[in-house]
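Below is one structure, written out as structure tokens; comments come after it.
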Amino acid sequence: MNDVFLKACRGEKVPYTPVWLMRQAGRYLKQYQKIRKKVDFLTLCKTPELAADVTLQPIDALGVDAAILFSDILIPVEAMGMSLRFYERKGPVFKKPVRRKEDIDRLIVPDPEEKTGFVMETIRILKKKLNVPLIGFSGAPFTLATYMVEGGTSKNFLLTKRMMFQEPQLYTSLMDKITETVIRYLSAQIDAGAQALQLFDTWAGVLSPQDYREFALPYVRRIIDVLRRGGFSGEQIPIIYFVGQCAGLLEGIRESGADVIGIDWRINIDDAINRVGKDISVQGNLDPCALFLPKDEIEERVGDILNRASSARGHIFNLGHGVLPETPVKNVVAMVEMVHRLSSK
Ligand code: CP3
């Protein structure tokens, strides 16, 4: 079992810097496209054998040091009682978003095995096949709330912020329900065999530092706090917290309680390390578009990030956000090799 990734999460000594990529399974791989021709995205997420196969594709193709469960952050939201569809180009859509008290009252806190048993089954299948650690995940409450309130992806998140500012009690009751759902969902993933967890707070970077502390951070802290105390399972596993456009929020983010902070590419990783402190590991932070550069320039940037991150307690190499569908696979393979070679001690 390759445990270099788990060691870096905990800040232990490692022989080289481990690497995995957000969205490492997906449309840039032709093996993925082949399966997607036969089934739609949600069916793929809900068919454990297929979801497990797709999770394994980048492990074989890239030689990364961790696997991430193939699923989507909106799966547990659908389980709360919201009808979900994915459209080409447009992405996820909730036709009936939550806007009023009745909408929130109607939502359930789902039993994860009963409503999302396919996710736990995928984890159990993967555990038998993997020789690298498996990362489970969930969306963080604020990011999930934006999809539920806006009904899909948004530009300025006005409807979510309007609920926050004009109807704070409504907002709090929604966030409480999501938080409880996430705690149960992640606890079930630990029980099924996940060895690390990542919380995706893709959109929290649209909040001011003050609003982030009031309207997003407390719920993340509650999740991590409960999971730390053993959750419903009792196992202590590393928790990674990724916030998109994190640069303005790092002082708040460091208080989340996470073991690892995901850093996007809009800030130098050494600056981020100075702000989150030396008792937390970091993950990141190559611009996903840098994979479209010539190889020698990719190598220069990989080397620069490795150097800048050398003062961290632990560093896990990753992109600053997900792999883009147009990315040339050979550059991704080359990048993983570069990280391993340049960081070998
Ligand atoms: O990282 C991985 O390889 C694991 C799988 C994974 C997916 N989505 C697969 C996916 C993970 C961890 C996610 C998380 C996710 N989903 C996030 C947070 C991370 C991020 O990217 O910011 C968000 C915001 C979503 C919601 C979502 N899912 C959107 C906005 C979209 C549409 C955009 C797009 O790229 O099409 C999806 C669809 C999606 N999720 C795809 C994949 C592989 C593409 C589906 C397809 O095959 O057509």
Side-chain angles (χ1 to χ4, degrees), residues 5-6 8-9 17-29 32 41 44-45 51 54-59 61-75 91-92 119 126 130 132-140 143-144 147 153 186 189 194-205 220 238-247 253 256 258-267 269 272 281-292 298 301-302 305 309 314-329 331-333 335-336 338-339:
F5 162 78
L6 292 174
C9 289
T17 302
V19 50
W20 70 278
L21 310 175
M22 292 189 273
R23 287 281 176 94
Q24 64 189 15
R27 287 165 296 193
Y28 75 107
L29 290 174
Y32 176 84
F41 174 62
L44 178 49
C45 291
V54 169
T55 304
L56 292 169
Q57 286 175 353
I59 312 306
L62 311 177
V64 284
D65 299 286
I68 182 157
L69 166 73
F70 188 83
S71 185
D72 197 82
I73 58 166
L74 300 177
I75 290 285
V119 170
L126 282 166
L130 279 168
V132 294
L134 177 63
I135 306 168
F137 70 88
S138 170
T143 290
L144 295 181
Y147 284 101
T153 308
L186 289 177
Q189 291 187 35
Q195 288 153 292
L197 296 172
Q198 176 155 321
L199 277 167
F200 285 93
D201 224 345
T202 305
W203 301 120
V220 173
I239 300 173
I240 308 166
Y241 179 39
F242 169 80
V243 176
Q245 311 223 26
C246 66
I253 291 169
S256 63
D259 303 272
V260 184
I261 305 297
I263 310 291
D264 68 80
W265 68 93
R266 299 165 187 90
I267 177 170
I269 201 162
S281 298
V282 291
Q283 175 174 282
N285 73 339
L286 187 71
D287 180 351
C289 292
L291 293 171
F292 296 80
I298 298 176
R301 292 184 183 217
V302 168
I305 290 170
H315 177 216
I316 297 118
F317 199 98
N318 205 315
L319 302 179
H321 204 166
V323 184
L324 297 165
E326 300 82 0
T327 309
V329 179
N331 288 4
V332 184
V333 175
M335 187 213 78
V336 170
M338 288 167 196
V339 174

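Because only heavy atoms are used, hydrogens play no part in the values below, and waters and symmetry mates are left out as well, while side chains stay in.
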Do the side chain of [X] and the main chain of [Y] share a donor and acceptor less than 3.5 angstrom apart?
X: D264; Y: Q245; value: yes
X: D65; Y: V19; value: yes
X: Q24; Y: A66; value: yes
X: S71; Y: C45; value: no

- [ ] Quick one: do I316 and I240 satisfy side-chain contact (heavy atoms from CB on, under 4.5 Å)? Show the steps, please.
- [x] CA-CA 10 Å; I316 297 118; I240 308 166; 5.7 Å; no
Minimum heavy-atom separation for [X] and [Y], please, with both atom names.
X: S256; Y: V220; answer: CB-CG1, 4.1 Å
X: I73; Y: L144; answer: O-CD2, 3.3 Å
X: L197; Y: L186; answer: CD2-CD2, 3.9 Å
X: A196; Y: L6; answer: CB-CD2, 4.3 Å

- [ ] Decide yes or no for P288 and V323: does some side-chain heavy atom of the first lie under 4.5 Å from some side-chain heavy atom of the second?
- [x] no
- [ ] Could I get the full list of side-chain contact (heavy atoms from CB on, under 4.5 Å) partners for S281, not counting sequence neighbours?
- [x] V260, R313
Task: Pairing residues for Q198 by the side chain to side chain donor-acceptor pair (under 3.5 Å) criterion, not counting sequence neighbours - done: Q283
Task: Partners meeting side chain to side chain donor-acceptor pair (under 3.5 Å) with Y241 (sequence neighbours left out) - done: D201, Y212
Rounded to the nearest 0.5 Å, what separation is found between the [atom1] atom of [X] and the [atom2] atom of [Y]?
X: C246; Y: I253; atom1: SG; atom2: CD1; answer: 5.0 Å
X: I261; Y: I269; atom1: CD1; atom2: CD1; answer: 11.5 Å
X: L286; Y: L291; atom1: CG; atom2: CG; answer: 5.5 Å
X: I263; Y: L319; atom1: CD1; atom2: CG; answer: 14.0 Å
X: T55; Y: L126; atom1: OG1; atom2: CG; answer: 4.5 Å
X: I298; Y: D287; atom1: CD1; atom2: CG; answer: 11.0 Å

Going by salt bridge (charged side-chain N to carboxylate O under 4.0 Å, His left out), name the residues that satisfy it together with [X], two or more places apart in sequence or in a different chain.
X: D259; answer: R228
X: R27; answer: none
X: D72; answer: none

TODO: Would you please indicate yes or no on a ring centroid separation below 6.0 angstrom for F70 and Y32?
DONE: yes
Task: R266 atom CZ, over 12 foreign heavy atoms within 6.0 Å - done: yes
- [ ] Begin with the C-alpha distance, continue with both residues' side-chain angles, and end with the deciding distance and a verdict on side-chain contact (heavy atoms from CB on, under 4.5 Å) for R23 and Y28.
- [x] CA-CA 10 Å; R23 287 281 176 94; Y28 75 107; over 6 Å; no
- [ ] Would you please classify the geometry between the W20 ring and the F5 ring as parallel, tilted or perpendicular, with 30° and 60° separating the classes?
- [x] perpendicular
Open item on the list: Using the rule given for side-chain contact (heavy atoms from CB on, under 4.5 Å), can you reason through I305 versus H315, listing the C-alpha separation, both sets of side-chain angles and the distance that settles it, and then say yes or no?
Closed with: CA-CA 10 Å; I305 290 170; H315 177 216; 3.9 Å; yes
TODO: List the steps and the verdict of side-chain contact (heavy atoms from CB on, under 4.5 Å) for M22 and I68.
DONE: CA-CA 8 Å; M22 292 189 273; I68 182 157; over 6 Å; no
